[in-house]
Amino acid sequence: MSDPIKTDVLIVGAGPIGLFAVFELGLLDIKAHLVDILDKVGGQCAELYPEKPIYDIPAIPKISAQGLVEALVEQIKPFNPVFHLGEMVQTIERIGDPLFRIGTDDGKQFEAKVVVIAAGGGSFQPKRPPIPGIEAYEGQSVHYAVRKMDIFRGKRVLIVGGGDSALDWTLNLAPVASHLTLLHRRDQFRAAPDSVNKMMALTSEGKIDFVLGQVTGLEGSDGQITAANVKRNDGSTFHIACDAVLPFFGLTMKLGPVADWGLKLHEDLIPVDTGTFETSEPGIFAIGDINTYPGKLKLILSGFHEGALMAQKAHRYVYPDKKLTFQYTTSSTSLQKKLGVA
Ligand SMILES: Cc1cc2nc3c(=O)[nH]c(=O)nc-3n(C[C@H](O)[C@H](O)[C@H](O)COP(=O)(O)OP(=O)(O)OC[C@H]3O[C@@H](n4cnc5c(N)ncnc54)[C@H](O)[C@@H]3O)c2cc1C
């Protein structure tokens, strides 16, 4: 086995919160390596909704999810984070006080003084709808996420579901698709009322179809769908001709190996101290969607705040003999030098 990679901090997950943690740690001279199962950085933003605009990042009125990821990557460049993509952190073992040995499913080993778990929903996976034979079309004409809207340009698209994702993608893809149908089993939605109103408006203008029913089967060959068989609520059946089907039945939040790391868990989330975002294990922190505490909001801005406080406590483990003085980036030349702007 090769020698372990030594680092101050190992961050599990390179979603937006893991990325921003690099910045807060970097300002305190703490070096980080990041490991992510995905083959790219950005977590849910990059994987699930890269082209959707986000409106609630402070001081940025509107930015696409992928744009946010790119801006974060740019912001952390001065701190030279090292990414290990396409690898899953499997084991975390305490070997010192504090020192951890971390192992990935690819056989890589790390030694870190601090571990920051920024694992979001763990290994999040879309729920597969109970449609016989759907596997044969997945990745070709059945998609559980929209990575590039353009692949649906000029196509007949069938969106199935009644939650936020189904409604959001109906609105976003309506101008792109040659024809779009939203299929839901009832006329009530688990989505933002504004999105439902906009969808209803498009339906009454004749720009999309909204149909009540459930998909019972798919027609096509070699991975390419040509039609979906649909059963109405009164039991009658019909076909919807389509080139692509997008089922949005929610995500399965699979905690994965996080459950085996000896941490206290609450409903598959990691409880943390809200002054430091440390877990029940000293030296192991949890930030972003993976943690829980009274009043927790699964928002990107919450995770950014959590990363800033985490870094303050991490400093004590990485530099036990150094006093930490609070400084602003606007006025501290020492911080500006680290950022390469002074
Ligand atoms: C459709 C949609 C729209 C949204 N809109 C907004 C919005 O407008 N505003 C907002 O603030 N939030 C929004 N969110 C929520 C926001 O995306 C999340 O709060 C945010 O992504 C959480 O970031 P994170 O870094 O904690 O986790 P994630 O983005 O989930 O990233 C976690 C990463 O950890 C990796 N990982 C997990 N376990 C392991 C392991 N064992 N080893 C290696 N890697 C691992 C995963 O692969 C993943 O890449 C939206 C979410 C969705 C789905």
Closer than 4.0 angstrom, basic N to acidic O: yes or no for [X] and [Y]?
X: Asp164; Y: Arg190; result: no
X: Lys264; Y: Glu281; result: no
X: Lys298; Y: Asp289; result: no

Around atom [atom1] of [X], are there more than 12 heavy atoms from other residues, nucleotides or ligands closer than 6.0 Å?
X: Lys108; atom1: NZ; result: yes
X: Glu267; atom1: CD; result: no
X: Asp222; atom1: CG; result: no

Can a side-chain donor-acceptor contact be found between [Y] and [X] if the only test is distance below 3.5 angstrom?
X: Tyr137; Y: Gln224; value: no
X: Asp234; Y: Ser236; value: yes
X: Asn172; Y: Glu51; value: no
X: Lys322; Y: His315; value: no

Once you round to the nearest 0.5 Å, how far does [atom1] of [X] lie from [atom2] of [Y]?
X: Ile11; Y: Phe285; atom1: CD1; atom2: CZ; answer: 11.5 Å
X: Leu68; Y: Ile54; atom1: CG; atom2: CD1; answer: 5.0 Å
X: Ile290; Y: Thr279; atom1: CD1; atom2: OG1; answer: 11.5 Å
X: Lys148; Y: Ile151; atom1: NZ; atom2: CD1; answer: 9.5 Å
X: Gln214; Y: Arg186; atom1: CD; atom2: CZ; answer: 11.0 Å
X: Leu263; Y: Ile117; atom1: CG; atom2: CD1; answer: 5.0 Å

In this structure, would [X] and [Y] fall into the same cluster of hydrophobic residues linked by side-chain contacts under 4.5 Å?
X: Ile5; Y: Met88; value: no
X: Leu324; Y: Tyr319; value: yes
X: Val82; Y: Leu19; value: no
X: Leu99; Y: Phe110; value: no
X: Leu269; Y: Leu299; value: no

Next item on the list: Would you please test Met199 and Ile208 for side chain to side chain contact (heavy atoms under 4.5 Å, CB included) and show each step?
Entry: CA-CA 8 Å; Met199 182 277 290; Ile208 65 165; 3.9 Å; yes
Under 4.5 Å between any side-chain heavy atoms of [X] and [Y], yes or no?
X: Leu34; Y: His84; result: no
X: Lys52; Y: Asp168; result: yes
X: Ile17; Y: Ile300; result: yes
X: Val41; Y: Val69; result: yes
X: Val215; Y: Leu183; result: yes
X: Val115; Y: Ile102; result: yes
X: Lys231; Y: Phe238; result: no
X: Leu339; Y: Thr329; result: yes

Ignoring hydrogens and angles, tell me if any N or O in the side chain of [X] forms a donor-acceptor pair with the backbone of [Y] under 3.5 Å.
X: Asp209; Y: Thr181; result: no
X: Glu278; Y: Gly283; result: yes
X: Thr292; Y: Ile270; result: no
X: Trp169; Y: Phe248; result: no
X: Asp8; Y: Val318; result: no
X: Lys338; Y: Leu27; result: yes
X: Asn291; Y: Ala286; result: yes
X: Lys296; Y: Gly288; result: yes
X: Arg185; Y: Arg232; result: no
X: Ser204; Y: Met200; result: yes

Measure centre to centre between the rings of [X] and [Y], then say whether the value is under 6.0 Å.
X: Phe20; Y: Phe304; answer: yes
X: Phe152; Y: His143; answer: yes
X: Phe210; Y: His184; answer: no

Next item on the list: Evaluate the criterion ring pair (Phe, Tyr, Trp, His ring centres under 6.0 Å) for residue pair Tyr317 and Phe100; output intermediate values, then yes/no.
Entry: CA-CA 12 Å; Tyr317 291 116; Phe100 299 93; 8.4 Å; no
Next item on the list: Carefully, step by step, assess Asp243 and Val157 under the rule side chain to side chain contact (heavy atoms under 4.5 Å, CB included).
Entry: CA-CA 6 Å; Asp243 308 304; Val157 174; over 6 Å; no
Search all heavy atoms of [X] against all heavy atoms of [Y] and return the closest pair with its distance.
X: Trp261; Y: Val89; answer: CZ2-O, 3.3 Å
X: Pro247; Y: Val245; answer: CD-O, 3.5 Å
X: Pro16; Y: Cys45; answer: CG-SG, 3.9 Å
X: Ala21; Y: Ile287; answer: CB-CD1, 3.8 Å
X: Val196; Y: Leu167; answer: CA-CD1, 3.9 Å
X: Val230; Y: Thr216; answer: N-OG1, 4.2 Å

Margin query: Quick check with a 6.0 Å cut-off and a 45 degree axis cone: is Arg128 positioned over the face of Tyr144's six-membered ring?
Written below: no
Checklist line | Chi angles and distances behind the side chain to side chain contact (heavy atoms under 4.5 Å, CB included) call for Glu47, Lys40 | finding: CA-CA 8 Å; Glu47 179 66 11; Lys40 56 179 172 288; 2.8 Å; yes
Next item on the list: Walk me through it: do Arg101 and Gln109 pass the test side chain to side chain contact (heavy atoms under 4.5 Å, CB included)?
Entry: CA-CA 7 Å; Arg101 177 162 300 138; Gln109 297 274 316; 2.8 Å; yes
Checklist line | Full working for ring pair (Phe, Tyr, Trp, His ring centres under 6.0 Å) between His33 and Phe83 | finding: CA-CA 6 Å; His33 282 238; Phe83 295 102; 9.5 Å; no
